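As the structure lists them, so they are numbered: ligands from 1, and atoms in each ligand from 1. Counting from 1, the numbers follow the sequence of the chain as shown. Just so you know, these numbers come straight off a predicted model, no measurement behind them.
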Amino acid sequence: MSTTINSVTSKSLGTLSSFKKGADGISGITSQGNFKVTLYSDSIFRIAISQAEHFESLSYAVVANPAAIAFEIMESDSMLEIKTSTTLLTISKHPVRFSFKTLDGRIINEDETFGTSWIGDQVTTYKKLQPHERFIGLGEKTGGLDRRGHAFQNWTTDAYGYGNGTDPLYCSTPFYIGIHNHLAYGIFFDNTHKTFFNFGASNNRYSSFSADAGEMNYYFMNGNSVAEIIKQYTHLTGRMEMPPIWSIGYQQCRYSYYPDKEVYSLAKTFREKDIPADVIVLDIHYMDKYKIFTWDPKNFPDPKGLIQHLRDQGFHIVIMCDPGIKVEPGYETYDDGIKKDVFIKYPDGENYQGQVWPGWCHFPDFTNPETRAWWGSKFKDYVNLGVDGFWNDMNEVATWGNSLPENLELSFEGNKATTRRGRNLFGFQMARSTYEGTKKLLKGKRPFNLTRSGFSGIQRYAAVWTGDNVSYDEHMLLGVRLVNSMGLTGIAFAGYDAGGFVGDANTKLFARWISIASLSPFFRAHTMINTRDSEPWSYGEEVESICRNYIKFRYQLMPYIYSLFYDASKTGMPVQRSLAINYTHDHRVYDGKYYNQYLFGPSILVAPVESNKELLKIFFPEGEWYDVYTGTLWQGNQETIVESPIHKLPVFIKAGSVLPMQAAAANTGIKQEELILHIYCGKDSSEFLLYMDDGETFDYQNGNSATRTIQMFGTQNKVIISKSEGDFKSSYKKIKFVLHGSDVDSLSINGSNLRLTHHVHSFFAPLEKYDPINEPDSMGEENVKIVTTEYTDEGLEIRW
Ligand code: MIG
């Protein structure tokens, strides 16, 4: 390779001169750069490549440790091989290139000729494009599900009013999954500088990942399935804790509700109109001149009274938290920040100032552990007033001009680095500080924490929403894809502003957006300052009824949804699941006609569609699917047209599954007396883990929870529910079985026979507008069979 000036030609990792075996991998020296292979499991290999002698050990993203896994090393003249129980890594010696294979020798992922190369400080790893290779993931990125042919960069950005192709957005999660030849693998590039991913964009040879500076440091994951790879990635970068159950109820937001009278009346209207809701969000106007940790004395003279009143009505408050601290001597947070020296500085030691809502501001350096603790402690007054929800905004870092200087200095846990290395981490570490601080202050109660910016690992500290979207149909669908993609990237608790932030939603659009969002992980309506009113009742009676229907449907599904969050906390499995997770190798999943579709948990298929379309072409994956409104059974493995009038979002339930549900209620805090199991008969079998706990404390981490496995044996007409495991006792007194798609008249529970009654059933109320004689509305499923009995924590065998 050429030895001229670095930035003119690239040079790549050289010939192997020596290598050493360690407990958890090997390290090697080459004629150009060093490398280290570290095992994190049989199937997770970390590859670090550096021009320096030492490797970086600090990672904000990774929480897993290397594992002392048994592996074999084989050496020949031309190569080294490392073999675990699942994976073969072949390292060629002249020059050093990496190639991952299955144990029977099929290539999963291999370096291109250029391998890992440098141009100046920039480091890139090139991978050979495999035949028909697809790429999914990278988190909050616009575009299609399959990212082949496209390139992306990670540089956290305040992307106000972004469009269908805007990149980058707010979050940086440098992790993707490659799929080809019935194989799948994951690559997580743990480098916080500006990074670039190329999936065969402008070339037909390679996919690649590069960083502006720093080390090549990536984790290769060999999983049997996309679900397994997500599990591996979240083993590395961590999983969410259980959210407070109220945070997965409906949240009402706008920029901003004020004065307090408006908030009181909002809460009252929800209850009067019988629309369930758990949260009212206070955006920046609750603060005194936008100063964090204050209240506007005029518009919010009695926050404690307000919050108490809302609590009594079953509402929690989420408040806006901005990182910019106004430069204003006399303002306590500013004075204290100066005193404790917590702000980001220029290299000459002067505190950096950027302009945001309060005016010129300083910004805390969240890569300093002391600053994190300082920030966290500042929430004391909010928590004392009863606030338990926190919304981290503007943390990309956003300032007027959107050009954060790159020479600012950050602590990096005492290691010092510039914002060139740290910008992608700012939002992540701010959210972390807020979470850790408020968790401590709440003394055992779970905080709800939301963030706009984040990096890989953000799921440990916060839910993420997709920032300033725009009120039009295409943007609604784009948001669905963003959440699908974030789910593939470890962020299970994600959502978008239902109704759209920028601009006015039209009537139908708002109804549709709420319908879809009701089946998304984070469910919040939000809108910009000076837009029209945007509450479920602001768009006329028909929209109000539609919103009520879907919000209530979500509340009926709460036992199911809460269990999905438990799954996310245990395995990283997202709540909203791109079809690429279960049907990875079916090309139809990636087709632009169908790529917005997703599974909400294992059993509910959602086909998002524009508000003005009454018919939709959809793809039914294998199996059979019940129309949630009429009970009509659709055969899977086909593409077909279904109806999608504005009051009926296409939603289908997988035959052979059981949905644990309950009655709709005004909020999630209301104790429920009846568990309702909807059994959708069919040939397929399934297993679902029902999870219950108190919904608000961390006691579940000490055994105060309950789990029950619900097994459906499709062809045997049988459901087995295991006895309740764990200390938690639910409030259920009754259990109702609802049989869909069966002709039987009785069922047996642990051997004793019970008569079923026949009903026309619906999860949704008919819309008043529909005239039952001239315009019959088929919001009902005929011939559903129901029986109710005592609830028990003992095991149950149900046969019919
Ligand atoms: O400069 O707090 O994305 O949701 O309403 C705008 C006001 C700052 C941006 C957030 C948006 C929020 C708004 N914020």
Distance-only donor-acceptor hits, side chain of residues 352-363, under 3.5 Å, sequence neighbours excluded:
{"residue": "His362", "atom": "ND1", "partner": "Tyr352", "partner atom": "O", "Å": "2.9"}

With a 3.5 Å cut-off and sequence neighbours excluded, list the donor-acceptor pairs that the side chains of residues 500-511 form with protein atoms.
{"residue": "Asp504", "atom": "OD1", "partner": "Arg532", "partner atom": "N", "Å": "2.9"}
{"residue": "Asn506", "atom": "OD1", "partner": "Lys508", "partner atom": "N", "Å": "3.2"}
{"residue": "Asn506", "atom": "OD1", "partner": "Leu509", "partner atom": "N", "Å": "2.8"}

(message) Consider side-chain hydrogen bond (donor to acceptor under 3.5 Å, both in side chains). Of Glu241, Lys440, Arg372, which one does Tyr435 pass it with?
(response) Glu241

(message) Distance to the ring centre below 6.0 angstrom and angle to the axis at most 45 degrees; does that hold for Arg147 and Tyr176?
(response) no

(request) Sort out the contact shell of ligand 1: every protein residue with a heavy-atom distance below 4.0 Å, listed by chain and number. (result) Tyr255, Asp283, Ile284, Met320, Trp357, Trp391, Asp393, Met394, Arg452, Trp465, Asp468, Phe501, His526

(message) Nearest 0.5 Å, please: how far is OG1 in Thr367 from CZ in Arg421?
(response) 9.5 Å

(request) For Asp497, check side-chain hydrogen bond (donor to acceptor under 3.5 Å, both in side chains) against everything at least two apart and list the hits. (result) Trp465, Arg524

